[in-house]
Amino acid sequence: MDERATLLACDQDFFDALIAADGTGLTQLLADDFILVGIADGAVVTKTDLLAAVSSGAVVFPAVRSFPDEAVVRVIGEVGVVVGRTAMTFTGSDGTEFSVDSRYTHVYARADSSWRLVSAQGTEIRY
């Protein structure tokens, strides 16, 4: 599999793990120092915070649709960058459901012949 396909598969694994609330899958995919910048409020979330929120059901992702054919994928040495687009629905800790289209940047680092997601940031697309 070429590196574009591999990184897009990692992205899909991330989205699938969010939908399934799969803490084990997220633990394997995310680097220990993973940081996420939230779409809704720009909050910085660590790996520990994300795992806790997803595993406890505080944040639920009923649907995440990605558009891999539109993604820009670059590999620079041991770093992979995916810029893509999603349409997602998630429920926040207060029970409010949000639907948002976003453009995202995922940064991966190669570790032990596999890729780990080290940083993710989403920006809402307003039409």
(request) Kindly say whether Ala58 contributes a backbone atom to a donor-acceptor pair with the side chain of Ser56 at under 3.5 angstrom? (result)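 Yes, because the side chain of Ser56 sits within donor-acceptor range (under 3.5 Å) of the backbone of Ala58.
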(request) Without swapping roles, check the side chain of Arg116 against the backbone of Gln28 for a donor-acceptor pair under 3.5 Å. (result)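 Yes: the side chain of Arg116 pairs with the backbone of Gln28.
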(message) Do Asp112 and Ser114 pair up side chain to side chain, a donor and an acceptor below 3.5 Å, judged on atom types alone?
(response)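 Asp112 vs Ser114: no donor-acceptor pair found between side chains.
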Identify the heavy atoms of [X] and [Y] that sit nearest to each other, and give their distance.
X	Y	value
Pro62	Ile19	O-CG2, 4.1 Å
Gly23	Ser55	CA-OG, 4.0 Å
Leu50	Val45	N-CG1, 3.6 Å
Phe14	Leu36	CZ-CD1, 4.5 Å

Side chains of [X] and [Y], heavy atoms from C-beta outward: is any pair under 4.5 Å?
X	Y	result
Met88	Ile39	yes
Tyr108	Leu7	yes
Val107	Thr105	yes
Thr91	Val59	no
Val44	Ile35	yes
Leu51	Thr27	yes

Could you state the interatomic distance from [atom1] ([X]) to [atom2] ([Y]), rounded to the nearest 0.5 Å?
X	Y	atom1	atom2	value
Cys10	Leu117	SG	CG	8.5 Å
Thr86	Arg103	OG1	CZ	9.0 Å
Gln121	Ser102	CD	OG	10.5 Å

(request) Take Val73 and Leu8, measure what side chain to side chain contact (heavy atoms under 4.5 Å, CB included) needs, and give me the verdict at the end. (result) CA-CA 8 Å; Val73 179; Leu8 290 174; 4.0 Å; yes
Show the atom names and distances, to 0.1 Å, of all donor-acceptor pairs under 3.5 Å that link a side chain in residues 63-71 to residues at least two apart or in another chain.
residue, atom, partner, partner atom, Å
Ser66, OG, Gln12, OE1, 3.2
Glu70, OE1, Arg85, NE, 2.8
Glu70, OE2, Arg85, NH2, 2.8

(request) May I ask you to list the residues sharing a hydrophobic cluster with Tyr127, side-chain cutoff 4.5 Å, ordered by chain and number? (result)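 Direct or chained contacts put Tyr127 with Ile125.
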(message) What verdict does the side chain to side chain contact (heavy atoms under 4.5 Å, CB included) test give for Thr89 and Glu97, after you've listed the backbone C-alpha separation in whole Å, the side-chain angles of each residue and the deciding distance to 0.1 Å?
(response) CA-CA 7 Å; Thr89 303; Glu97 186 170 287; 3.5 Å; yes
(message) Once ring-ring contact (aromatic ring centres under 6.0 Å, His included) is applied, what residue pairs with a partner in residues 71-92 remain, sequence neighbours excluded?
(response)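 Residue pairs with at least one partner in residues 71-92: Phe61-Phe90, Phe90-Phe98.
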(request) Scan for ring-ring contact (aromatic ring centres under 6.0 Å, His included) pairs involving residues 15-42, sequence neighbours excluded, and state none if there are none. (result)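 Qualifying pairs, neighbours excluded: Phe15-Tyr104, Phe15-His106.
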(message) Salt bridge check, Lys47 against Asp33: does any charged N sit closer than 4.0 Å to a carboxylate O?
(response)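 Here Asp33 does not pair with Lys47 in a salt bridge, since their nearest N and O are not under 4.0 Å apart.
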(request) Would you please name every residue forming a salt bridge (Lys or Arg N to Asp or Glu O under 4.0 Å) with Glu78, sequence neighbours left out? (result)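 Here the qualifying residues are Arg110.
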(request) Could you pull out all residues at least two apart from Asp16 that satisfy salt bridge (Lys or Arg N to Asp or Glu O under 4.0 Å)? (result)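 For Asp16 there are no salt bridge (Lys or Arg N to Asp or Glu O under 4.0 Å) partners, ignoring immediate neighbours.
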(message) Please tell me whether Leu30 and Val37 are part of a single hydrophobic cluster in this structure, the criterion being side-chain heavy atoms less than 4.5 Å apart.
(response)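 Per the 4.5 Å side-chain linkage, Leu30 and Val37 are not co-clustered.
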(request) Is it possible for you to say whether Val79 and Val118 belong to one hydrophobic cluster, with membership spreading through side-chain heavy-atom contacts below 4.5 Å? (result)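 Yes, Val79 connects to Val118 through the hydrophobic network.
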